[in-house]
Amino acid sequence: MEFVSANPTGPLHVGHGRGAAFGASLANVLAAAGFNVSREFYVNDAGRQMDILTLSTWLRYLEMNDIHIPFPQNAYQGEYVKTMAQLIYEAHAQRYRHHPDLLLGDLPESAREKAIDTDEQLDKLIANAKKILGEDYAYIHNFVLTEQLGDCRNDLMEFGVEFDVWFSEQSLFDNGLVARAIELLQSKHYLYQQDGATWFRSTDFGDEKDRVVQRENGQFTYFASDIAYHLNKFERGFDQVINIWGADHHGYIPRVKGALQALGLDPAKLEIALVQFAVLYRDGKKAPMSTRSGEFVTLRELREEVGKDAARFFYVVRKSDQHLDFDLDLAKSKSNENPVYYVQYAHARICSVLAQWGGDFVDLMQLTHANTEELSNPGELALLQKLIDYPDIVEMAAKEFSPHIIAFYLRELAGEFHSYYNSTRFLVPEISVQHARLALIASIHQVLNNGLNLLGVSAPDKM
RNA sequence: GUGCCCGUAGCUCAAUCGGAUAGAGCACCAGCCUUCUAAGCUGGGGGUUACAGGUUCGAUUCCUGUCGGGCACGCCA
């Protein structure tokens with residue numbers, strides 16, 4: 001199962017957060033349903049975006065060396081770029097300082113005063129930077145990649161999202177897998193040349209148009225490495241391959257499945273779950289979101305503002321293919337308005353009761369032999385039924401890729417418990433009744449714990 | 001313009017992939033703490049499921065159209 005797979009070109013933002021929360025929860029649910037799940041993050045460390053980040057960082061570094069070139073509008077504007085430049089400066093001082101004439105050589109004179117804003121000019125700057133820096137370019141490239149990836153990994157870890165495999169796109173090129181995938185398609189006659197580029201006949205498999213795999217300039221497209229990546233996934237022997245993508249990539253599905261089919265693989269083994277965008281609202285207003293301009297709320301800021309538990313719960317409480325309005329003010333309110341506390345509170349209450357009962361582990365074992373005949377009122381019977389439902393709920397959530405079903409279930413279970421709590425005393429003198437009721441709430445405690453765990457939400461003993 | 005997704009209570013969303021009186025939370029109104037945690041409980045109002053047709057014993061669900069919103073339509077990733 002592959003998810004997040006954000007470009008390591010800047011901090012994760014709240015949009016990535018949803019994919020992370022959904023993917024991690026779904027992986028947990030699938031594992032709980034009995035599947036052997038491998039969690040994978042595909043690292044786009046080979047593309048042009050990394051070059052732009054490298055250039056951006058170097059330009060910021062030059063500024064620190066009193067070399068001022070108008071910062072390109074389509075470069076990475078974020079403060080974190082300056083931070084990385086600062087780190088390089090502190091470690092290597094003026095080592096990467098070069099005269100601006102070399103960099104601006106073949107650009108229009110106006111580029112000295114006014115920031116450039118076209119892709120062509122940006123690519124020229126990148127090409128020049130590679131020429132001027134030589135070996136040093138690779139150092140900066142590697143430095144910013146390591147920085148961003150480390151930051152990303154750390155960020156996700158603190159969000160309770162961990163991966164078994166971090167798969168490098170660059171490794172596909174280094175190991176010749178891209179070349180092999182392309183040759184394979186070639187040998188099956190699914191490729192052709194036109195306008196100097198190499199095209200894949202994706203229209204043979206229902207796509208709207210054929211797609212370029214190798215550009216006129218010799219560069220492979222992202223699609224090319226993606227074909228190699230998916231071929232590699234299948235060759236690793238997974239029974240089922242699951243991708244979680246942002247909904248803006250939905251147009252990408254036919255070409256990837258088409259490529260698999262062309263390679264003689266079963267496209268039905270690849271399931272793609274689309275996650276819609278999350279839109280943040282603060283004070284009733286939309287919060288701005290744009291990676292390139294540096295104007296976005298980061299996942300880290302979100303976690304600091306609303307806390308991990310509320311963030312994880314809010315992200316998965318909606319069906320993933322629905323747009324999500326994320327109300328920051330609601331998520332961070334620590335009152336009855338906030339649904340995450342409702343479930344956690346039920347758990348904490350049970351812990352409190354069990355603590356006051358004071359039994360130890362041996363006593364708890366006795367509870368499992370409690371006389372359940374004592375549980376007879378409608379609330380108790382409803383709770384028993386609810387607990388019995390849990391395995392089916394997990395199975396359904398797994399089958400439909402819908403962790404939100406777990407969230408709804410937990411809220412219902414917590415609701416029935418709270419109601420029970422208010423109507424019935426547990427620590428009553430009659431031992432037979434007491435043990436039966438304690439056995440019931442201990443079971444609820446267990447299921448709440450399991451369910452919250454699947455969602456990546458903590459189950460506190462005290463609140 | 002073409003394709004995909006969506007439209008359910010004032011707000012945010014469910015509805016076991018065609019079943020019985022469409023359910024929760026928030027907000028609003030009225031009650032409940034000398035008893036295991038009031039981040040809780042009890043009760044109440046709130047709907048022509050965007051609209052118009054069609055299929056069906058039965059439609060929020062399936063089909064067609066209209067209106068409204070999102071996304072995608074690069075030799076970008």
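Here is the naming used below: chain letters follow the sequence lines, and residue numbers restart at 1 for every chain. Every heavy atom of this structure was used, including side-chain atoms; hydrogens, water molecules and symmetry mates were not.
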Which value, in whole Å, describes the distance between the [atom1] atoms of nucleotides [N] and [M]?
N: B:G3; M: B:U64; atom1: P; answer: 11 Å
N: B:G70; M: B:C13; atom1: P; answer: 15 Å
N: B:A14; M: B:G25; atom1: C1'; answer: 10 Å
N: B:C51; M: B:A59; atom1: P; answer: 15 Å
N: B:U8; M: B:A52; atom1: P; answer: 16 Å
N: B:G65; M: B:U12; atom1: P; answer: 28 Å
N: B:G58; M: B:G45; atom1: C1'; answer: 30 Å
N: B:A22; M: B:C36; atom1: C1'; answer: 38 Å

Mind calculating the distance between [atom1] ([X]) and [atom2] ([N]) to the nearest angstrom?
X: A:Glu412; N: B:A15; atom1: CD; atom2: P; answer: 11 Å
X: A:Arg318; N: B:U8; atom1: CZ; atom2: P; answer: 13 Å
X: A:Tyr192; N: B:C75; atom1: OH; atom2: P; answer: 11 Å
X: A:Leu274; N: B:C6; atom1: CG; atom2: P; answer: 11 Å
X: A:Asp123; N: B:A77; atom1: CG; atom2: P; answer: 10 Å
X: A:Asn74; N: B:G74; atom1: CG; atom2: C1'; answer: 16 Å
X: A:Asp226; N: B:A77; atom1: CG; atom2: P; answer: 10 Å
X: A:Asp119; N: B:C75; atom1: CG; atom2: P; answer: 13 Å

Would you mind telling me which of [options] lies closest to the side-chain atoms of [X]?
X: A:Tyr345; options: B:U12, B:A77, B:G40; result: B:G40
X: A:Val353; options: B:U37, B:C75, B:C71; result: B:U37
X: A:Arg425; options: B:C36, B:G40, B:A77; result: B:C36
X: A:Asn422; options: B:G40, B:U37, B:A77; result: B:G40
X: A:Ser352; options: B:C71, B:A77, B:C36; result: B:C36
X: A:His404; options: B:U42, B:A14, B:A77; result: B:A14
X: A:His250; options: B:U37, B:C4, B:A77; result: B:C4

Which base sits across from [N] as a Watson-Crick or G-U pair, both distances under 3.5 Å?
N: B:G7; answer: B:C67
N: B:C73; answer: B:G1
N: B:U49; answer: none
N: B:U21; answer: none
N: B:U55; answer: none
N: B:G40; answer: B:C32

A:Gln170, CD: over 12 other non-hydrogen atoms inside 6.0 angstrom: yes

Over 12 foreign heavy atoms within 6.0 Å of CD, A:Gln240: yes

Parallel, tilted or perpendicular: rings of A:Tyr252 and A:Tyr222 (30°, 60°): perpendicular

How would you label the contact of [X] with the nucleic acid (heavy atoms, under 4.0 Å): base, sugar-phosphate, or nothing?
X: A:Asn217; result: nothing
X: A:Lys209; result: sugar-phosphate
X: A:Met463; result: base
X: A:Asp461; result: base
X: A:Thr424; result: base
X: A:Ala348; result: base
X: A:Glu400; result: nothing
X: A:Ala197; result: base

[X] vs [N]: side-chain N/O to OP1/OP2 distance below 4.0 Å:
X: A:Tyr342; N: B:C41; answer: yes
X: A:Tyr341; N: B:A39; answer: no
X: A:Arg437; N: B:C36; answer: no
X: A:His418; N: B:C32; answer: no
X: A:Thr221; N: B:G74; answer: no
X: A:Lys319; N: B:A15; answer: yes

Residue pair A:Ile244 / A:Met1, side-chain heavy-atom distance below 4.5 Å: yes

Residue pair A:Gln434 / A:Glu374, side-chain heavy-atom distance below 4.5 Å: no

5′-ward residue of the pair A:Gln356/A:Gln276 relative to RNA chain B: A:Gln276

A:Phe426 aromatic ring stacked with six-membered ring of B:C36, 5.5 Å and 30°: yes

Name of the residue among A:Glu271, A:Glu40, A:Lys233 meeting side-chain hydrogen bond (donor to acceptor under 3.5 Å, both in side chains) with A:Asn243: A:Lys233

Glycosidic conformation of B:C33, taking syn as within 90° of 0 and anti otherwise: syn

Under 3.5 Å donor-acceptor, A:Asp45 side chain and A:Glu169 backbone: yes

Ring centres under 6.0 angstrom apart (A:Tyr190, A:Phe205): yes

Residue among A:Ile441, A:Ile444, A:Val353 satisfying side-chain contact (heavy atoms from CB on, under 4.5 Å) with A:Tyr421: A:Val353

